[in-house]
J.: 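I have a structure I would like to understand better, so I am pasting it below and will then ask my questions one at a time.
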Amino acid sequence: MQTVDDIDKLPDELLEHIKQARRVAVLTGAGVSAESGIPTFRDAQTGLWARHDPMSLASPEGFARDPALVWSWYAWRRELISRARPNPGHFALADMAGCFEQFTLITQNVDGFHQLAGSDPVLELHGNIHRTICSVAGRPIDHEWLTRHADSQPPPSPHHADGLARPDVVWFGESLNASTLEAAFKAAAGCELMIVAGTAGAVQPAASLPAIARDQGATVIDINPMVGEITRLADWHLSGTSAAWLPAIYNDLLSAPSSTERHP
Ligand code: BV8
């Protein structure tokens, strides 16, 4: 693994790998939204939430134990997200998608910032905090219903007598959406380049994607100010923030010939 910390000069060898790639997969984690002001998942949650373990709140057991607390935690996070905006890292990923023949964006984040920055489609492995479902039937609950029943925390479900409103996110101990996960595995297995940005690589099965890419011969880039699980298996570690490195990569790509010129 080679570490690069000079944002102004991507090594020629790395730039060549990026320019020559036809099929690219990207895996993002909470670090990509850090510069939008969203605390990363394992950051000490600020204020009211400092005394709670996010791992226990983001679980079916935590919701069953105290639905009002979990509902309020997600309401706090939704409020934080609604006041924040995507950062240059999100926009650079949306922009660079057009530089490659195949570009698959896979995220562990639930904030919807990739879509807000223009990325489409986005494989949301862990769901989306802005969507709400019934805790029993799993069916979507619309905002109009939630507003009408805002006096209950959480609101009841319109789909099942025993159901409650819960965020449409994947909690610890819950399975991921099978087709989303299959698409992510397929992208990791078929890419020539995987860019991993802003993740500690601590949560499965998302954290297995970079190893799948590496094992089939892809070049793996880890963008992170710290060294973590992913760094150890990556070919390149771009030491620094995603809001700095992703635009730098895109700017270097812009100086390259267009994808059709590159791949006649
Ligand atoms: C499942 C939604 C079947 C909710 C989340 C195999 C082995 C061991 C354990 C397991 C396994 N398989 C399953 C498990 C259990 C569990 C798991 O992985 N546990 C871990 C903790 C050991 N996995 C599951 O339960 C998954 N389900 O597999 O179903 C099953 C079930 C049970 C048992 C077996 C099989 C479901 C996991 C999904 C959980 N839901 N989110 C919500 O958000 O509220 S996970 C949540 O935490 C996030 O979505 C994200 O995935 C994760 C946080 O990770 P990161 O994104 O990496 O964020 P983190 O804060 O950790 O790190 C931030 C990084 O950014 C750091 O490296 C930092 O240096 C960097 N950074 C900071 N600033 C910047 C930056 N980088 C760039 N720029 C910056 N500016």
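Both counts, for ligands and for their atoms, begin at 1 and track the order of listing. The structure presented is a predicted model; accordingly, all values stated were derived computationally and were not measured. Only heavy atoms go into these numbers, but all of them, side chains included; no hydrogens, no water, no symmetry mates.
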J.: Quick one: look at Leu176 and ligand 1, take heavy-atom pairs under 4.0 Å, and tell me if it's side chain, backbone, both or neither.
T.: side chain

J.: Any N/O of Val110 closer than 3.5 Å to an N/O of ligand 1?
T.: no

J.: Within a distance under 4.0 Å of any heavy atom of Met55, pick out the atoms of ligand 1 and give their elements.
T.: 21 (C)

J.: Checking Arg166 against Trp73: charged group under 6.0 Å from the ring centre and within 45 degrees of the axis?
T.: no

J.: Assess the residue pair Leu164 and Val136 against the criterion (side-chain contact (heavy atoms from CB on, under 4.5 Å)); give the C-alpha distance rounded to whole Å, side-chain angles, the decisive distance to 0.1 Å, and a yes or no.
T.: CA-CA 7 Å; Leu164 294 171; Val136 175; over 6 Å; no

J.: Shortest non-hydrogen contact from Thr132 to Leu146?
T.: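 Residues Thr132 and Leu146, closest heavy atoms: OG1-CD1, 3.5 Å.
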
J.: Could you tell me if any non-hydrogen atom of Pro225 lies under 4.0 Å from any atom of ligand 1?
T.: yes

J.: Mind running side-chain hydrogen bond (donor to acceptor under 3.5 Å, both in side chains) on Glu124 and Gln115 for me, showing each step along the way?
T.: CA-CA 10 Å; Glu124 293 180 307; Gln115 294 92 320; 2.8 Å; yes

J.: Of the choices Glu229, Arg77, Glu174, which has the non-hydrogen atom that lies closest to atom 43 (O) of ligand 1?
T.: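 Selected option, by shortest heavy-atom distance: Arg77.
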
J.: Would you please test Thr3 and Asp5 for side-chain hydrogen bond (donor to acceptor under 3.5 Å, both in side chains) and show each step?
T.: CA-CA 7 Å; Thr3 295; Asp5 39 26; over 6 Å; no

J.: Just checking, any donor-acceptor pair under 3.5 angstrom between side chains of Ser36 and Asn87?
T.: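 The criterion, which ignores hydrogens and geometry beyond distance, is satisfied for Asn87 and Ser36.
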
J.: Quick one, Tyr250 with Asp252, criterion side-chain contact (heavy atoms from CB on, under 4.5 Å). Give me CA distance, side-chain angles, the key distance, then yes/no.
T.: CA-CA 5 Å; Tyr250 177 56; Asp252 281 341; over 6 Å; no

J.: Out of Thr199, Val170, Asn87, who is nearest to atom 39 (C) of ligand 1 when you count heavy atoms only?
T.: Val170

J.: Provide the closest heavy-atom pair for Pro210 versus Val220 in the form atom of the first, atom of the second, distance.
T.: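 In this case the closest contact between Pro210 and Val220 is O-CG2, 3.9 Å.
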
J.: Is there any N or O on Ala30 that sits under 3.5 Å from an N or O of ligand 1?
T.: yes

J.: Are Lys9 and Asp12 ion-paired here, with the side-chain N under 4.0 Å from a carboxylate O?
T.: yes

J.: I want to confirm something. Looking only at heavy atoms, which of Pro205, Ala200, Gly29 is nearest to atom 57 (O) of ligand 1?
T.: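 Shortest heavy-atom distance from atom 57 (O) of ligand 1: Ala200.
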
J.: Looking only at distance, does Gly198 have an N or O less than 3.5 Å from an N or O of ligand 1?
T.: yes

J.: Between His90 and Ser119, does any side-chain donor sit less than 3.5 Å from a side-chain acceptor?
T.: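 Side chains of His90 and Ser119: no pair found under 3.5 Å.
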
J.: Find all atoms of ligand 1 within a distance of less than 4.0 Å from any non-hydrogen atom belonging to Glu35, and give their numbers and elements.
T.: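 Answer for ligand 1: 78 (N), 79 (C), 80 (N).
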
J.: When rounded to the nearest 0.5 angstrom, what is the spacing between CZ in Arg85 and CD1 in Ile38?
T.: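 Here the interatomic distance stands at 10.5 Å.
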
J.: Of the listed options (Trp171, Phe172, Tyr74), which comes nearest to atom 45 (S) of ligand 1 when hydrogens are ignored and any heavy atom counts?
T.: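 Of the listed residues, Phe172 has the closest heavy atom.
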
J.: Measuring from atom 66 (C) of ligand 1, which candidate in Asn224, Asn128, Leu238, Thr40 has the nearest non-hydrogen atom?
T.: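 Considering heavy atoms of Asn224, Asn128, Leu238, Thr40, the nearest to atom 66 (C) of ligand 1 sits in Asn224.
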
J.: Given Gln204, Gln108, Met226, which has its nearest heavy atom closest to atom 6 (C) of ligand 1?
T.: Gln204

J.: Tell me which part of Pro54 gets within contact of ligand 1: side chain, backbone, both or neither, using heavy atoms under 4.0 Å.
T.: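 It is neither part, as no heavy atom is under 4.0 Å.
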
J.: Taking a cutoff of less than 4.0 Å between a non-hydrogen atom of the residue and any ligand atom, is Ala197 in contact with ligand 1?
T.: no

J.: Decide whether the shortest distance between a heavy atom of Gly228 and an atom of ligand 1 is less than 4.0 Å.
T.: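 Heavy atoms of Gly228 never come under 4.0 Å of ligand 1.
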
J.: As an exercise, identify every atom of ligand 1 less than 4.0 angstrom from a heavy atom of Ala202.
T.: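 The list of qualifying atoms is 20 (C), 21 (C), 22 (C).
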
J.: For ligand 1, which atoms sit closer than 4.0 Å to a heavy atom of Thr241?
T.: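 Close to Thr241: 78 (N), 80 (N).
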
